[in-house]
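Counting starts at 1 for both ligands and their atoms, following the listed order. Start at 1 with the first residue, then count along the sequence. Remember, predicted model here, so these are calculated numbers, not experimental data.
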Amino acid sequence: MSKLTGSKKATQFTESVIREMTRLADAHKAVNLSQGFPDFAAPQLVKDAACAAINADDNQYAITFGQTPLREAVAREFTRRYGVDVIADQVTVCCGSTEAMMSTMMAIIDPGDEVVVFEPFYENYGPDAILSGATPRYVTLHPPSGSVTTWTFDPDELAAAFNEKTKAIILNTPNNPTGKVFTRDELEAIAALCRKWDVMAISDEIYEHIIYDGQQHIPIATIEGMADRTVTINGLSKTYSVTGWRVGWTISPASVTGAIRKVHDFLTVGAPAPLQAAGAVALGMPDDYYTKMAAGYQRRRDMLLTILEEHHFTCYKPLGAYYIMTDISTFGFRDDIEFVRYLIRDIGVAGVPGSSFYKDPAKGRTQLRFCYCKKDATLLAADERLAKLVPATTGSRAH
Ligand SMILES: Cc1ncc(COP(=O)(O)O)c(C=O)c1O
């Protein structure tokens, strides 16, 4: 057999469905509510700081694990907000939280180790597990139903996912794609299992500041006994609307920081130097920046909820992040893939098929995710196009 092929590892996952949807949306000039990037401007102060850093010739490799002012700002803000002492030596700056997650997984996982992952999950966690040699164990988040208004997991199912081989649990709160914000009780239950089985938590908190309706973001590192067993992951992308800058970080206990820094160094050397300098300025913005940003997203959330409900989608109202998961059963298509292709080509609006967020695609067959980190004009253009969409009268329709 020819050796001119990709690796076995690379055959175990497909290209990103979310990025594919963006390409399809561009090809059909659809309103793109698939990939989670803002179509509005980043804060002027942050852009000016990046330009100033470039003009000051901050243009060479930064210290591999991150420029000191940014690491100090990350440590200072975490300590100030959550009362857990963090120092700059615990912070590793990476090329986005995507690389932070990959470097963390590669640094702490050995082949055969098990990793618990809630599903629906942010699609990167699947390939991250495969590339790091982890065996994922999935725990389902169930959509709101009846008197239960948030996505929930069955504590027994979660407990059953832990065993001697479990090395880590991947958590994402506020959550993409569900908009769930994990409660203190839920985090306590997860933490108890981590302590019982000597497991680490890898907590992706990239939507930390995008939170609604008086909810509170609780980092699992703040739960008793968790600071020494949690890697918190975050970045500039979502909070400052700079997804293309590729600056993220880990906050980790000393026991694993060296391993994460080594993996990070040999993967990417370092994150963009002038953009790290701008990041340090961004993290110094006053608290009302974050309050206004969250209020802006809450307004957009309510606007897209109204639009989608008017056009016959069943919506699961998010409490954080900037996505709405919907149920599309009413349209009578065979599955989410068939529906999303119709939606992009014939209606002119793009979303992400629910199946891409599950290990077993069947679980997401009736779901579709839309994002609302978009200008009002973009959401209104989607509204206009969705007016052509009609619910099926009976059964499945053929397309
Ligand atoms: C849960 C989650 N984590 C990480 C990322 C990627 O973040 P970054 O741009 O910092 O790599 C995203 C982007 O959509 C996300 O939704």
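Between Y125 and F121, the ring planes are tilted. Angles from 30° to 60° get that label.
Formation of a donor-acceptor pair under 3.5 Å by the R369 side chain with backbone atoms of T326 is not found in this model. Panel note: side chain R365, backbone R334; no donor-acceptor pair is recorded below 3.5 Å.
Of all atoms in ligand 1, listed by their number and element, those nearer than 4.0 Å to a heavy atom of G96 are 10 (O), 11 (O). Proximity to S237 (heavy-atom distance under 4.0 Å) selects the following atoms of ligand 1: 8 (P), 9 (O), 10 (O).
Contact annotation for K238 and ligand 1: only side-chain heavy atoms (C-beta onward) come within less than 4.0 Å of the ligand. Residue-level proximity to ligand 1 for N172 is carried by the side chain, the only part with a heavy atom below 4.0 angstrom. Under 4.0 angstrom from ligand 1, the non-hydrogen atoms of R246 all belong to its side chain. Both the backbone and the side chain of S97 come within contact range of ligand 1, each with a heavy atom under 4.0 Å.
One option in Y207, Y323, W245 has a heavy atom closer to atom 15 (C) of ligand 1 than any other, and that option is Y207. Considering each of V242, D204, T243, N234, the one bringing a non-hydrogen atom nearest atom 1 (C) of ligand 1 is D204.
Applying the side-chain hydrogen bond (donor to acceptor under 3.5 Å, both in side chains) test to residues at least two apart or on different chains, the pairs with a partner in residues 43-72 are Q44-D48, D57-N59, D58-Q67, T64-D265, T68-R71.
Residues N175 and T173 bring no donor and acceptor atom of their side chains to less than 3.5 Å of each other.
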Begin with the C-alpha distance, continue with both residues' side-chain angles, and end with the deciding distance and a verdict on side chain to side chain contact (heavy atoms under 4.5 Å, CB included) for C94 and T268.
-> CA-CA 8 Å; C94 296; T268 64; 6.0 Å; no

